[in-house]
> 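Please read through the structure below; I'll follow up with questions.
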Amino acid sequence: MSDLHATVAMACRILADQGLAADVLGHVSVRLDAERILLRCRGPEDRGLLFTTADNIRVVDLDGRGELDGGYAIPNEFHIHTELFRARPDVSAVVHAHPRDVMIADLAGITLRQVFGAYNIPASRLAQQGVPVYPRSVLVRTPELGRAVAAAIGDSGACILRGHGVVTAGESVEQATLRALDLAELSRISTELALLGGRPQILPDDDTQELPDLGSSFNDLSRWRHYARRLEIAGLAL
Ligand SMILES: [Zn+2]
């Protein structure tokens, strides 16, 4: 098993530990080359995302053929990954999860607005850019549906699948994972503000200009190490 297998497995554990994947639903992938990805697959003894092992991470091609010994199966919704990789050469990693907090905010009709800044700059920028919504609550189990989801995502790094979950994309597994965590945090804050009856203003332009992208090593890698360490302390490391 490569380091990349372990990184994808760790992403699944972090998503589950942070409440974005309740039990067995959701998967993470990373591009290997033009035709192949590593994808979280399901074995006959699968125990869910929190207990993902490096062995759960399998090489799969963009047509859904994989190295699936040991009774492993590709998830039904692998098209979310393969069609996004086809549509977006800039994307190296994809997360699909079913975070309850994001679904509730969207179904409640709450628009994710940029109402906070330095509290969490990546989440703030996500709100500024706008998070597109794929409006159908279907299981994405055909290439056509996968292409429709990819079209909804467009050139964004995150998308809400209404009544279903989220897709996030990134230059690395770490970035796609942290983006999913940020989308969940943005949704929780937006819901809580709505419940409190708050109507905060959107940040003025001269404030958003003072919210720089602090770079991947800070936004993604240092936060990744934090969440990985939390798993270790909890006895949930790989
Ligand atoms: Zn799903």
Side-chain angles (χ1 to χ4, degrees), residues 1-17 20-21 23-98 139-150 153 157-159 161 165-181 216 220-221 224-225 227-228 231 236-238:
M1 291 296 161
S2 68
D3 284 352
L4 209 46
H5 284 77
T7 303
V8 175
M10 184 63 89
C12 295
R13 288 187 178 225
I14 290 172
L15 290 164
D17 188 51
L20 277 76
D23 41 51
V24 299
L25 300 177
H27 15 83
V28 176
S29 65
V30 65
R31 195 194 293 272
L32 289 177
D33 54 38
E35 287 299 318
R36 299 177 314 148
I37 63 175
L38 284 180
L39 175 64
R40 203 282 188 191
C41 293
R42 293 207 177 90
E45 305 291 332
D46 193 45
R47 292 180 296 173
L49 264 71
L50 186 58
F51 305 105
T52 301
T53 64
D55 189 47
N56 296 150
I57 313 306
R58 298 298 176 107
V59 177
V60 173
D61 72 20
L62 293 186
D63 293 319
R65 289 181 297 256
E67 296 171 6
L68 300 171
D69 58 326
Y72 270 77
I74 297 182
N76 285 318
E77 297 191 296
F78 75 90
H79 306 281
I80 291 172
H81 301 262
T82 53
E83 295 306 325
L84 191 55
F85 282 124
R86 282 196 167 107
R88 290 275 300 275
D90 62 308
V91 166
S92 294
V94 176
V95 165
H96 171 54
H98 293 185
L139 193 71
V140 184
R141 59 180 175 170
T142 66
E144 292 73 23
L145 287 168
R147 285 194 283 277
V149 169
I153 296 169
C159 180
L161 311 181
V166 302
V167 182
T168 59
E171 294 166 4
S172 65
V173 174
E174 291 88 345
Q175 187 178 67
T177 304
L178 269 299
R179 206 162 258 168
L181 264 51
S216 187
D220 305 324
L221 301 183
W224 174 272
R225 283 193 297 275
Y227 289 110
L231 285 176
L236 290 167
L238 280 175

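Computed from a predicted structure; not experimentally measured. Below, all heavy atoms of this structure are taken into account, side chains as well, without hydrogens, waters or symmetry copies.
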> Looking at every heavy atom in both Leu68 and Cys41, which two are closest together, and how far apart are they?
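Residues Leu68 and Cys41, closest heavy atoms: CD2-SG, 4.1 Å.
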
> Taking all atoms of both residues into account, what is the closest heavy-atom pair of Ala6 and Leu238, and its distance?
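Answer, listing the atom of Ala6 first, then Leu238: O-CD1, 3.4 Å.
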
> For residues 69-76, dump all side-chain donor-acceptor pairs below 3.5 Å to protein atoms at least two apart in sequence or in another chain.
{"from": "Asp69", "atom 1": "OD1", "to": "Arg58", "atom 2": "NH1", "distance (Å)": "2.5"}
{"from": "Tyr72", "atom 1": "OH", "to": "Asp55", "atom 2": "OD2", "distance (Å)": "3.3"}
{"from": "Tyr72", "atom 1": "OH", "to": "Asn56", "atom 2": "ND2", "distance (Å)": "2.8"}

> Please list, chain by chain and in numerical order, all residues satisfying ring-ring contact (aromatic ring centres under 6.0 Å, His included) with His96, sequence neighbours excluded.
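Only His27, His98, His164 meet the ring-ring contact (aromatic ring centres under 6.0 Å, His included) criterion with His96.
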
> Report yes if some heavy atom in the side chain of Leu4 is under 4.5 Å from a heavy atom in the side chain of Val30; otherwise report no.
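Heavy-atom side-chain distance check passes, below 4.5 Å.
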
> Tell me every residue that passes side-chain contact (heavy atoms from CB on, under 4.5 Å) with Val59, counting only those two or more places apart in sequence or in another chain.
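Counting only residues at least two positions away or on another chain, Val59 forms a side-chain contact (heavy atoms from CB on, under 4.5 Å) with Leu32, Arg36, Leu38, Glu67.
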
> First locate atom CG of Leu20, then atom CD1 of Ile14, and finally report the distance between them rounded to the nearest 0.5 Å.
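Reported value, rounded in 0.5 Å steps: 11.0 Å.
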
> Not counting sequence neighbours, which residues clear salt bridge (Lys or Arg N to Asp or Glu O under 4.0 Å) with Arg13? List them please.
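For Arg13, no residue satisfies salt bridge (Lys or Arg N to Asp or Glu O under 4.0 Å) once neighbours in sequence are set aside.
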
> Identify the heavy atoms of Ala180 and Leu15 that sit nearest to each other, and give their distance.
CB-CD2, 3.9 Å

> Looking only at heavy atoms, what is the nearest atom pair of Val167 and Val94, with distance?
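Minimum heavy-atom contact is CG1-CG1, 3.9 Å.
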
> Restricting to salt bridge (Lys or Arg N to Asp or Glu O under 4.0 Å), what partner residues turn up for Arg86, sequence neighbours left out?
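Per chain and number, Arg86 pairs via salt bridge (Lys or Arg N to Asp or Glu O under 4.0 Å) with Asp63, Glu83.
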
> So does Val91 get a backbone contact from the side chain of Arg31, meaning a donor-acceptor N/O pair under 3.5 Å?
yes

> Going from CG on Asp17 to CG on Leu231, what distance comes out if it is rounded to the nearest 0.5 angstrom?
4.5 Å

> What's the separation between atom CG in Leu84 and atom NE2 in His79, rounded to the nearest 0.5 Å?
14.0 Å

> What's the separation between atom CZ in Phe85 and atom CD1 in Ile37, rounded to the nearest 0.5 Å?
5.5 Å

> How would you list, by chain and number, every residue that makes a side chain to side chain donor-acceptor pair (under 3.5 Å) with Arg88, sequence neighbours excluded?
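Testing Arg88 for side chain to side chain donor-acceptor pair (under 3.5 Å), a comparison that skips the adjacent residues, returns Asp90.
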
> Not counting sequence neighbours, which residues clear side-chain contact (heavy atoms from CB on, under 4.5 Å) with Ser216? List them please.
Asp220

> To the nearest 0.5 Å, what is the distance between OG1 on Thr168 and CG on Leu181?
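Answer rounded to 0.5 Å: 9.0 Å.
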
> Run the side chain to side chain donor-acceptor pair (under 3.5 Å) test against Thr82 and tell me which residues pass, sequence neighbours left out.
none

> Just grab all the salt bridge (Lys or Arg N to Asp or Glu O under 4.0 Å) pairs involving residues 169-179, residues at least two apart or on different chains.
none

> CD1 of Ile57 to CE of Met10: how many Å apart, nearest 0.5 Å?
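One finds 11.5 Å between CD1 of Ile57 and CE of Met10.
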
> Could you tell me which non-hydrogen atom of Leu178 sits nearest to which non-hydrogen atom of Tyr227, and how far apart they are?
CD1-CE1, 3.9 Å

> So, for Gly170 and Ala176, which heavy atoms are closest and what is the spacing to 0.1 Å?
N-CB, 3.8 Å

> Who are the side-chain contact (heavy atoms from CB on, under 4.5 Å) partners of Ala16, not counting sequence neighbours?
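Ala21, Leu49, Leu50.
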
> Please list all pairs passing the ring-ring contact (aromatic ring centres under 6.0 Å, His included) test where one or both residues lie in residues 48-70, with sequence neighbours left out.
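Qualifying pairs, neighbours excluded: none.
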
> For Asp61, which residues count as a salt bridge (Lys or Arg N to Asp or Glu O under 4.0 Å) partner, sequence neighbours excluded?
Arg65

